[in-house]
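This structure is a prediction, so every number in the text was calculated from the model and none was measured.
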Amino acid sequence: MSGEVPLNINIKEPRWDQSTFVGRANHFFTVTDPRNILLTNEQLENARKIVHDYRQGVIPPGLTENELWRAKYVYDSAFHPDTGEKMILIGRMSAQVPMNMTITGCMMTFYRTTPAVLFWQWINQSFNAVVNYTNRSGDAPLTMNELGTAYVSATTGAVATALGLNTLTKHVSPLVGRFVPFAAVAAANCINIPLMRQRELKVGIPVTDENGNRLGESANAAQQAIVQVVISRILMAAPGMAIPPFIMNTLEKKAFLKRFPWMSAPIQVGLVGFCLVFATPLCCALFPQKSSMSVTSLEAELQAKIQESHPELRRVYFNKGL
């Protein structure tokens, strides 16, 4: 057990205090860093080995505390907190900025025709379905049938909502029309996320005590988790879809974009990307990743079970997902 690092560092928890917004923001700025998607499999496996070894009391010679925390955050960025499985690359939170800036920028550039709206909303909701599945809470696997049904219902509902909103705003001003993609995304998130995580609503997600000891599964906890994720996702999309329309509406009246209209999409993507670099971690930080609720808010059967085995327990904890 040689090394420069003490064995009492709790790397199961984030480095920063998660009871404060600033602490959670620091945590998510690290987790959502887009540079994490450039890491090789060898680097990811090395980080996993360091984390797993440290949890077993084994410290590689010469490892520093900063290197341990760096390994922990590389591990957290690529491996699911409940299952420990390596997450799909584009579903990781570190892929949110590059993926969303491209898709959102195109949605806001090509919004004038129904085929364009249909195509980009389908791309966006397919991407969201991957993200929602990848960042689900709990460790119960979805069958291929359940996953397929969830994907079809989520994307169909979300795309239909987007097309409906697009039809309603045919006769409004161009500036108002630019906000249609945001309204569609907000409405679609309310459909896509619950449907992709519907199994959690049926069978519940694991709830634990403060020390991580599993107490059972709760659908009520799943409801709270999904509501918090929906709010975070809508607010995450807001700056990138609300600020660029004003800027683009002004720029399109200038000589530059009239002369080079093909620059509209790259500028839009760049503006959205700039907003998302800050909006993604800050909106992830709105609610603690390790969420909690009162024992009295759980299902009656689970309440009785907990009161019998842990009569002093007042709150339970769960991973809300992202």
Side-chain angles (χ1 to χ4, degrees), residues 5-33 36 47 51 54-55 65-66 68-84 92-94 96 135-139 193 197 200 204-236 238-239 276-298 302-303 306-307 310-322:
V5 183
L7 277 169
N8 61 350
I9 299 173
N10 185 8
I11 58 169
K12 289 183 179 179
E13 299 294 332
R15 188 172 193 174
W16 296 277
D17 180 6
Q18 296 300 283
S19 65
T20 68
F21 176 76
V22 173
R24 295 195 296 272
N26 280 325
H27 168 69
F28 281 111
F29 266 109
T30 308
V31 170
T32 64
D33 187 339
N36 287 339
V51 169
Y54 184 81
R55 288 174 179 170
E65 186 172 338
N66 282 336
L68 175 63
W69 281 113
R70 172 60 184 158
K72 179 254 191 314
Y73 274 101
V74 166
Y75 175 81
D76 284 355
S77 76
F79 295 91
H80 193 278
D82 291 330
T83 65
R92 299 173 195 169
M93 293 311 289
S94 51
Q96 281 285 293
N135 294 281
R136 67 198 183 283
S137 176
D139 50 12
I193 295 172
R197 295 176 61 175
E200 297 172 35
I205 57 175
V207 293
T208 69
D209 62 16
E210 197 170 5
N211 299 317
N213 299 308
R214 193 160 174 164
L215 303 168
E217 287 74 37
S218 169
N220 289 0
Q223 289 175 18
Q224 179 177 307
I226 289 170
V227 167
Q228 290 179 348
V229 171
V230 168
I231 293 170
S232 294
R233 292 285 190 81
I234 291 173
L235 293 177
M236 193 185 295
L276 283 173
V277 164
F278 299 97
T280 301
L282 292 177
C283 290
C284 282
L286 290 174
F287 304 101
Q289 172 85 47
K290 184 180 178 181
S291 197
S292 69
M293 69 190 306
S294 168
V295 171
T296 56
S297 299
L298 298 170
L302 184 56
Q303 277 188 54
I306 291 172
Q307 284 165 2
H310 301 78
E312 75 293 343
L313 200 64
R314 296 290 174 266
R315 295 194 74 78
V316 294
Y317 299 85
F318 52 90
N319 168 32
K320 71 172 176 63
L322 291 170

* Asked: OH/Tyr73 to CZ/Arg15 distance, rounded to the nearest 0.5 angstrom?
  -> 8.0 Å

* **Heavy-atom side-chain contact between Leu302 and Val316 under 4.5 Å** => no

* Structure fact -> Output for pair (Arg233 CZ, Thr280 OG1), nearest 0.5 Å, gives 10.0 Å

* **Between Ser218 and Asn220, a side-chain donor and acceptor under 3.5 Å** => no

* **Closest non-hydrogen atom pair between Ser232 and Cys283, with its separation** => OG-O, 3.2 Å

* Asked: Is there a donor-acceptor contact under 3.5 Å from the side chain of Asn211 to the main chain of Asn213?
  -> no

* Might you point out which heavy atoms bring Met236 and Leu276 nearest each other, and give the distance in Å? => O-CD2, 3.8 Å

* Structure fact -> Sorted by chain and number, sequence neighbours left out, ring pair (Phe, Tyr, Trp, His ring centres under 6.0 Å) with Phe21 holds for none

* Quick one: side chain to side chain donor-acceptor pair (under 3.5 Å) partners of Asn36, sequence neighbours excluded? -> none

* To do: Please tell me if the side chains of Phe79 and Val51 come closer than 4.5 Å, counting only heavy atoms from C-beta onward.
  => no

* Under 3.5 Å: donor-acceptor pair, side chain of Tyr54, backbone of Ile9 -> yes

* To do: Under the side chain to side chain donor-acceptor pair (under 3.5 Å) rule, collect the residues that match up with Asn26, sequence neighbours excluded.
  => none

* Min side-chain heavy-atom separation His27-Gln18 under 4.5 Å -> yes

* What pairs with Gln224 under side chain to side chain donor-acceptor pair (under 3.5 Å), at least two apart in sequence or on another chain? -> Ser291

* Heavy-atom check, side chain of Arg24 versus side chain of Pro288, under 4.5 Å -> yes

* Structure fact -> Taken in chain and number order and not counting sequence neighbours, the residues that satisfy salt bridge (charged side-chain N to carboxylate O under 4.0 Å, His left out) with Glu210 are none

* Between Ile205 and Asn319, what is the shortest heavy-atom contact and its length? -> CD1-O, 4.1 Å

* Can you list the residues that meet the side chain to side chain donor-acceptor pair (under 3.5 Å) rule with Glu217, with sequence neighbours excluded? -> Arg214

* Atom of Leu286, atom of Leu235 and distance for their closest heavy-atom approach -> CD1-CD1, 3.6 Å

* Rounded distance (nearest 0.5 Å) linking atom CE of Met293 with atom CZ of Arg315 -> 8.5 Å

* If you take all heavy atoms of Ala71 and Ala47, which pair is closest and at what distance? -> O-CB, 3.5 Å

* Asked: Could you state the interatomic distance from CG (Asn10) to CZ (Arg55), rounded to the nearest 0.5 Å?
  -> 9.0 Å

* What is the distance from atom OG of Ser292 to atom CZ of Phe287, rounded to the nearest 0.5 Å? -> 12.0 Å

* Between Lys72 and Glu13, which heavy-atom pair has the shortest distance, and what is it? -> CE-O, 3.3 Å

* Hey, what do you get for CE (Met93) to CZ (Phe28), rounding to the nearest 0.5 Å? -> 7.5 Å

